[in-house]
Amino acid sequence: MSYSQAAYPLIDLALARRLERVEASANAAFVAARARLQPESGAAWIEVAGAYAMFDGVGSPLTQTFGLGLFAKAGEAEFQALEAFFQQRGAGVDHEISPLAAPALLPHLNGRGYQPIEFSSVMFRPVTGALSTVPVSGGLRVRRIEADEADLWARVAAEGWSTESPELMDFMLEMGKISARAEGASAFLVELDGHPVGAGGLNVRDGVALLAGASTIAAARRRGAQRALLQARLRFAAERGCDLMMIVAQPGSASQRNAERQGFRVAYTRTKWQLRPADARREH
C-alpha cells in the first residue's frame with residue numbers, strides 16, 4: 001500500500017484531541033519521571049479543563065500546557081488556575097494551542113496579555129502502508145533498549161543532537177536519561193555492525209504513536225539509520241494496535257521535509273502563546 005492509498009483521517013476536533021493528548025501524556029510522564037528521579041526539582045503537573053500543565057523547571061521546554069480549549073471550556077477561572085500553577089513556581093506561562101481549540105480562547109489570550117512566540121507543525125500518517133516502502137541498509141539493526149541501557153541510549157541520542165548544537169550536549173544528555181526512564185516510553189537504539197549509532201523514542205496513547213528524539217551520530221549518517229529506526233517504530237506501533245503516528249517539527253525545517261518524504265502530512269500549525277510580564281502589559 002502506498003502513502004496515497006493509506007487511509008488518512010479528516011482533520012477535525014476528534015483527531016486534534018488524539019494528537020494533543022498523546023504529546024501531553026508523554027510530557028507528563030517525563031515530568032513524573034523527573035519528580036521521581038530528582039525530587040528536589042519540584043517537577044509536577046496538573047490537569048485543568050482537560051489541559052495538562054507541566055512544570056519541569058524554570059526555562060525547561062516542557063514547562064507549558066497542552067490541550068487548552070480542546071477538551072473543555074477554559075474561562076477566567078481556568079486561566080487563573082493555570083497561571084498560578086506556573087507563577088507560584090517562578091516560571092513563565094506558555095500554552096501550546098491547536099487551531100482547532102475553541103475560538104472563545106482568543107479573547108482570553110488577548111485580554112490577559114498573551115502573545116504568540118512560536119509555531120510548530122503537528123504531523124501525522126497512518127501506521128499501515130509503510131513497512132514495505134522503507135528500505136533498510138545492510139549491517140543495521142534496531143532494538144529496544146534493555147532496562148540497564150537508559151544511560152547508553154541517552155549518550156547516543158545526545159551525541160547525535162550535539163553535532164548541530166554542541167552547546168546543548170549536557171542538556172540533551174540529562175533529558176535523555178530521564179526520558180528513557182519515563183513510564184510508557186519506549187527507547188530504541190540503532191546499531192551498525194554491532195555499534196550503537198542512533199537513537200529514537202516512542203510513546204503510545206489512544207492508538208497514536210508519538211515519535212520523538214531521533215538522532216544519528218555524525219560518523220554514521222547517510223547509512224539508512226533513520227529509515228531503519230522509522231521502520232522499527234512503525235512495526236512496534238502496529239503491533240500495539242496503533243492506527244496513527246505523529247511527529248512535531250518546526251515549519252519548513254529539514255525535519256518537516258524528511259517527515260513528508262516518509263508519508264507524514266501536516267495536520268495543523270500549532271501556536272505557542274506566552275504571557276507577557278506584568279510590566280510589559282501595563283505599558284500597553
Side-chain angles (χ1 to χ4, degrees), residues 1-8 19 22-23 26 120-146 149 152-165 172 175-176 179-180 185-204 207-267:
M1 182 183 294
S2 68
Y3 297 134
S4 60
Q5 294 172 318
Y8 285 82
L19 299 180
V22 68
E23 188 170 7
S120 55
S121 295
V122 176
M123 308 178 69
F124 75 111
R125 58 146 299 145
V127 168
T128 57
L131 295 183
S132 63
T133 64
V134 183
V136 177
S137 301
L140 288 172
R141 172 177 176 249
V142 182
R143 62 178 179 84
R144 290 184 70 190
I145 65 170
E146 301 294 338
E149 292 182 312
L152 169 63
W153 182 87
R155 288 196 301 273
V156 174
E159 183 178 350
W161 284 107
S162 67
T163 304
E164 285 74 26
S165 304
M172 296 302 298
M175 297 288 281
S179 179
S186 299
F188 295 80
L189 280 174
V190 186
E191 296 176 334
L192 178 61
D193 298 328
H195 301 286
V197 298
L202 184 80
N203 292 81
V204 172
V208 181
L210 170 67
L211 302 180
S215 69
T216 306
I217 64 174
R221 291 177 182 170
R222 301 186 183 279
R223 303 288 294 272
Q226 288 301 309
R227 292 194 301 274
L229 182 59
L230 174 62
Q231 183 180 38
R233 290 183 292 177
L234 280 165
R235 182 178 294 111
F236 182 86
E239 290 171 351
R240 277 146 187 82
C242 293
D243 61 309
L244 294 177
M245 299 194 80
M246 72 169 286
I247 190 171
V248 180
Q250 182 180 356
S253 65
S255 295
Q256 176 171 321
R257 292 192 295 273
N258 289 336
E260 288 177 322
R261 294 186 185 103
Q262 300 298 341
F264 286 86
R265 294 180 182 174
V266 176

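All residue numbers in this chain count up from 1 along the given sequence. For clarity, every value in this text was computed on a predicted model and none was experimentally measured.
Side chains of Leu211 and Leu230 form a contact here, defined as non-hydrogen atoms less than 4.5 Å apart. Side-chain contact between Asn258 and Arg261 is present, with at least one heavy-atom pair separated by less than 4.5 Å. Gln231 has its side chain out of reach of Val142: every pair of non-hydrogen atoms, C-beta onward, lies at least 4.5 Å apart.
Within the structure, salt bridge (Lys or Arg N to Asp or Glu O under 4.0 Å) pairs that include any residue of residues 241-259 comprise Arg18-Asp243 (at least two apart or interchain). Pairs passing the ring pair (Phe, Tyr, Trp, His ring centres under 6.0 Å) check and including a residue from residues 214-237, sequence neighbours excluded, read Phe188-Phe236.
Listed by chain and residue number, nothing satisfies the side chain to side chain donor-acceptor pair (under 3.5 Å) test with Ser215 (two or more places apart in sequence, or in another chain). A search for side-chain contact (heavy atoms from CB on, under 4.5 Å) contacts involving Ala209 returns Leu202, Val204, Ala237, Cys242, Met245, not counting sequence neighbours. The side-chain contact (heavy atoms from CB on, under 4.5 Å) search around Ala249 returns Met123, Ser253, Ser255, Gln256, not counting sequence neighbours. Glu191 is linked by a salt bridge (Lys or Arg N to Asp or Glu O under 4.0 Å) to Arg141, Arg143, counting only residues two or more places apart in sequence or in another chain.
The heavy-atom pair separating Gly263 from Arg125 by the smallest distance is O-CB, 3.2 Å. Across all non-hydrogen atoms, the minimal contact from Ala26 to Leu210 is CB-CD2, 3.9 Å. Pairing each heavy atom of Gly201 with each of Arg233, the nearest pair is O-NH1, 2.9 Å. Nearest heavy atom pair, residue Ile247 against residue Ala259, reads CG2-CB, 4.1 Å. Closest approach of Ala225 to Leu140, counting heavy atoms only: N-CD1, 3.7 Å. Minimum heavy-atom separation, Ala199 to Trp153: CB-NE1, 3.4 Å.
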